[in-house]
Amino acid sequence: SQQGEEDPQALSIQEGENATMNCSYKTSINNLQWYRQNSGRGLVHLILIRSNEREKHSGRLRVTLDTSKKSSSLLITASRAADTASYFCATRMDSNYQLIWGAGTKLIIKP
Amino acid sequence: NAGVMQNPRHLVRRRGQEARLRCSPVKGHSHVYWYRQLPEEGLKFMVYLQKENIIDESGMPKERFSAEFPKEGPSILRIQQVVRGDSAAYFCASSPVPGTGNTGELFFGEGSRLTVL
């Protein structure tokens, strides 16, 4: 079953602006992962944050995790046209091999 | 290092035919997942396998669908007697053995897009 829910479902911003996507989940987790999917392609792992971490950075990406609210956000700073893609969050529950996926946020960066 | 290789990338079948999708995981990965994705939607889990063993097939329809990951060779997702509703992108992902210090990150192939006429 899908436990992650991303919002917004779609986001359209101008190049250079920051893009923020949110993910909520329902059960306790071991870690939360963000993936990107370009149109017609497979998913690519972007960043992982463990349940005992609150914030993590990777290049222009910043991920936060609030376990009390069971939510995470992905911030992409200084967006580029190449960031146009769908972004999915996936949670890995404690002692469980499964990744539970959200429905994704479709991000469009306008040049 | 080669990533996850899926073939064919595109497959067209007529109703009633069989579709066979192949997935070669990242070298050294012993665990394979199959997902299905409809246009503009998220991933739907189908089956999780390790070599010669199905760990979890709870997302796979009981009829017409089967999956295997033999000791040698790629993982195969087989759909018998395809119907139009089977048209979708099928993604394979692999990971190292869970619980061995890795975090459960998945490595995805580019997908196989099945069209049933």
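Per chain, numbering begins at 1; letters A, B, ... match sequence-line order.
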(Q) Would you compute the distance between atom CG of B:L49 and atom CD1 of B:I54 and round it to the nearest 0.5 angstrom? (A)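 B:L49 CG to B:I54 CD1: 5.5 Å, rounded to 0.5 Å.
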Q. From A:I49 CD1 over to A:T64 OG1, what is the distance, rounded to the nearest 0.5 angstrom?
A.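 Nearest 0.5 Å value for the CD1-OG1 distance: 7.0 Å.
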Problem - Option in A:G104, A:G40, A:S39 with maximal non-hydrogen atom pairs under 4.5 Å from chain B - result: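 Heavy-atom pairs under 4.5 Å are most numerous for A:G40.
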Check whether [X] reaches the backbone of [Y] with its side chain - one donor and one acceptor, N or O, closer than 3.5 Å.
| X | Y | answer |
| --- | --- | --- |
| A:R92 | A:I29 | no |
| A:N18 | A:A78 | yes |
| A:T105 | A:Q9 | no |
| B:Q37 | B:F91 | no |

Regarding [X] and [Y], is there a side-chain donor-to-acceptor distance under 3.5 Å anywhere?
| X | Y | answer |
| --- | --- | --- |
| B:R36 | B:Y90 | yes |
| A:Q33 | A:N31 | yes |
| B:N7 | B:R9 | no |

Practice problem: Write down the atom of A:T20, the atom of A:S73, and the distance for their closest heavy-atom approach. | Solution: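 Between these two residues, the closest heavy atoms are CG2-CB, 4.4 Å.
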Show the nearest heavy-atom pair for residues B:L21 and B:P8, with the distance to one decimal.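 Shortest heavy-atom contact: CD2-CD, 4.4 Å.
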Measuring heavy-atom distances to chain A, does B:E40 have an atom under 4.5 Å in its side chain, in its backbone, in both, or in neither?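 For B:E40, the side chain is the part near chain A, not the backbone.
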Tell me, which pairs form a salt bridge (Lys or Arg N to Asp or Glu O under 4.0 Å) where one or both residues lie in residues 74-90 of chain A, sequence neighbours left out?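 Sorted pair list: A:R60-A:D83.
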Would you mind checking which part of A:Q37 comes under 4.5 Å of any heavy atom in chain B, side chain (CB onward), backbone (N, CA, C, O), both or neither?
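Side chain only.
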Where along [range] does a heavy atom come under 4.5 Å of chain A, listed by residue number?
| range | answer |
| --- | --- |
| residues 106-117 of chain B | B:L106, B:F108, B:G109, B:E110, B:R113 |
| residues 56-63 of chain B | B:D56 |
| residues 64-81 of chain B | none |

**Message:** Please confirm whether the ring centroid of B:Y33 lies under 6.0 Å from the ring centroid of B:Y48.
**Reply:**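 Yes, they do, as the ring centres are separated by less than 6.0 Å.
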Around atom CZ of B:R22, are there more than 12 heavy atoms from other residues, nucleotides or ligands closer than 6.0 Å?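 Yes, the 6.0 Å shell around CZ holds more than 12 heavy atoms from other groups.
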